[in-house]
Amino acid sequence: MHQSLASRTHEKKRNSKFRASAIRVAHQAFARALGSYLLLALLVVLALMVFFTVRSDIDLAVSRQFFTNGFRLSEDEFLLSVRDLNRMLPAVLLPGLVCLLVATLFSRGLLRVFPPHKLLLVIAFFALGPGVAVHVLKKLFGRARPRHLGEFGGDMFFTPVLSLDGGCLRNCSFPSGESASAVAVLAVIIFLPEKLRLIGTAILVPFVVIVSLNRVAMGAHFLSDVLIAWPLMFVVFLLLHSPFTRYRQAIDAAFSRRISRTRQAAEGRP
């Protein structure tokens with residue numbers, strides 16, 4: 001009897017130690033994930049993809065809320081103007097950033113306000129995020145848009161997020177390119193002083209949300225298309241941020257030397 005009680009007590013202690021050890025390992029892993037924004041963003045992307053694949057009914061249920069003999073909100077003038085504004089921003093922003101980058105070759109004042117490594121980072125982000133990454137994934141998954149499904153008057157079939165059997169061949173639904181480009185606009189916050197970045201974020205985030213949900217209301221995207229596009233763009237940005245930050249001094253110094261050579265050449269002219 002005494003041995004049996006002692007044995008159970010020992011077993012409880014061992015189980016308690018095992019649970020404590022497991023909790024400690026899980027806590028350390030979670031702490032490391034929080035310490036690595038890139039890892040955290042990747043985990044969010046994967047978690048959302050799995051969730052919307054297991055609960056694919058949510059995508060259809062949300063889209064049905066906006067369908068009444070067609071996606072009527074796709075004709076709403078306000079929503080169309082929001083969509084057009086979001087499409088116009090990259091067309092204005094990117095040439096402007098390129099012009100600023102060229103201008104920093106001739107002005108130290110501009111170089112200090114708009115460091116070349118930050119300009120190059122944002123330009124590369126737009127090119128590789130909303131540009132390359134989104135279009136590669138659209139081709140890979142081939143997911144049909146809600147308005148193209150048979151249930152909503154089209155002739156294509158529904159596929160969940162992680163399915164590669166979509167019938168779309170071009171301009172597909174997943175992920176949302178316009179949500180991705182809206183998130184990419186947030187990157188310009190890096191040009192603000194640190195004390196103003198939170199204010200800049202607070203101003204731009206509602207715009208990102210409105211643009212993204214706008215596309216769901218219009219039947220152009222599923223809810224998962226836009227929600228997954230957000231952390232996906234953070235993954236691309238963080239992948240680029242590391243090398244551009246690591247070599248920022250070399251990048252900025254190269255532009256600074258170019259300014260010096262330009263001035264010396266100008267002063268040497270008769």
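Because the structure is a prediction, the values reported are computed rather than measured.
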Transitive ILVMFWY side-chain link L140 to M156, under 4.5 Å: no

E151 atom CD: more than 12 heavy-atom contacts under 6.0 Å: yes

From L227, V226, L223, residue fulfilling side-chain contact (heavy atoms from CB on, under 4.5 Å) relative to S212: V226

Reference residue N171; test side chain to side chain donor-acceptor pair (under 3.5 Å); the match among H148, H135, R145, K138: R145

Any donor-acceptor pair under 3.5 Å from T53 side chain to L162 backbone: yes

Mutual orientation of the aromatic rings belonging to F71 and F67 [parallel < 30°, tilted 30-60°, perpendicular > 60°]: perpendicular

Between T201 and R197: side-chain donor-acceptor atoms closer than 3.5 Å: no

Heavy-atom pair with the smallest gap, counting every atom of L119 and F191: CD2-CZ, 3.6 Å

Any donor-acceptor pair under 3.5 Å from S107 side chain to T104 backbone: no

Nearest atoms (heavy-atom pairs only) where P160 meets S56: CB-CB, 3.8 Å

Expected output: side-chain R248 to main-chain T245 donor-acceptor under 3.5 Å: yes

Any side-chain donor near an acceptor of the partner, D165 and T159, under 3.5 Å: no

Same apolar cluster (I L V M F W Y, side chains within < 4.5 Å links), L164/F174: yes

Any donor-acceptor N/O pair, K139 side chain to R170 backbone, under 3.5 Å: no

Partners meeting salt bridge (Lys or Arg N to Asp or Glu O under 4.0 Å) with R215 (sequence neighbours left out): E178

Which atom of W230 lies closest to which atom of S179, heavy atoms considered: NE1-CB, 4.0 Å

I251 backbone acceptor or donor facing H117 side chain under 3.5 Å: no

Electrostatic pair R143:D59 at N-O distance under 4.0 angstrom: yes

Side-chain donor or acceptor of N214 paired with backbone N/O of V82 under 3.5 Å: no

